[in-house]
Amino acid sequence: MRIEPTIAGTREALMAPSRIGAGIGLVPTMGNLHDGHLTLVGEARRRVGPDGLVAASIFVNRLQFGAGEDFDKYPRTFERDCALLAEAGCDLLFAPHEGEMYPEPQTFHVVPDPALAGVLEGAARAGHFDGVCTVVMKLFSIVRPTLAVFGKKDYQQLMLVRRMVEQFALPIEIVAHDTVREADGLAMSSRNGYLSAAERAEAPALNRALRGLVEAVRAARAAHAKARLDRARLAELENAAMAELHARGWRPDYLSVRRQSDLQLPSDAQLAGSEPLVALGAARLGMPRLLDNIEIQGPDA
Ligand code: PAF
């Protein structure tokens, strides 16, 4: 695996004659890699084939961290990450220092649609998605991949990147990969490393609460349900799921069922019908803040 800290070196590596015409698959990361990331690398390889080029990036992007967030303590495990990527079949790693990526303050930003970027994670982390979209656009412009693979664990991020690519007509296929989980259901995340032993034992409760919410929504949408699911009933189910976590010592930001298409609240008619939905949750367990989500297909899907 070739490791390139510079934009010029990365562009030069991508010009190699053997690669011309073959696809380039990119997996953008902030490092501290786990099996979830390595699965995305495997998916990129599966898609571009043996003659294509699989690239990954490692860059802890200051722009997407708010004041008081964990930018400084975000785990940096570069040597280990390189070994894991090489083993997973990555060909090229773009790993710039901050001065390479942002040689001067980045004053041009990608400002995503507030209807999508201002809810859920965007409401809890002001400006977060401006930073994500700006760095992803820059990574796309440096690597010029034919496809890029993102995990569904960061569901809203994935949707925003998709919308950005559509609206700017970028010739890049955005591939979504299912969330990779630990055996007890916890979604893999670099931030799981912040959990104490007791918190790690408790952490799958977020996934359980979401599964409970999804089951309740499915049951209420089923043909034989006593009453039609509407927004008032949905709010009761969401509040009950949040209360359950709260009682276990969590501080939930949201557990919310949204439309898959745009992450807005479904109407009564959509709840009663077959609109594809997704249950999303974010909650703090001690200091660490965990995210998860589960898609809900319509009752007749
Ligand atoms: O999901 C992440 O790790 C980051 O948000 C990304 C996409 C690499 C941008 O910094």
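Below, all heavy atoms of this structure are taken into account, side chains as well, without hydrogens, waters or symmetry copies. The chain is numbered in sequence order, starting from 1. Counting starts at 1 for both ligands and their atoms, in listed order.
- Within ligand 1, counting atoms from 1 as listed, the ones closer than 4.0 Å to a heavy atom of T29 are 8 (C).
- For atom 7 (C) of ligand 1, the closest non-hydrogen atom on the protein side is Q157 NE2, 3.5 Å.
- Close contacts between ligand 1 and Q64 involve ligand atoms 4 (C), 5 (O), 9 (C), 10 (O) [criterion: under 4.0 Å to a heavy atom].
- By the 4.0 Å N-to-carboxylate-O rule, R289 lies close enough to E121 to be salt-bridged with it.
- Close approach of ligand 1 to V135 (heavy-atom distance below 4.0 Å) involves ligand atoms 9 (C), 10 (O).
- Close contacts between ligand 1 and P28 involve ligand atoms 8 (C) [criterion: under 4.0 Å to a heavy atom].
- Looking at Y194 and E199, their side chains never bring a donor and an acceptor atom within 3.5 Å of each other.
- Side-chain atoms of Q64 never come within 3.5 Å of backbone atoms of H128 as a donor-acceptor pair (strictly under, hydrogens ignored).
- With 3.5 Å as the limit, one finds a donor-acceptor pair spanning the side chains of N61 and Y102.
- Applying side chain to side chain contact (heavy atoms under 4.5 Å, CB included) to V27 and the options L147, V175, L40, L93 leaves one that passes, L40.
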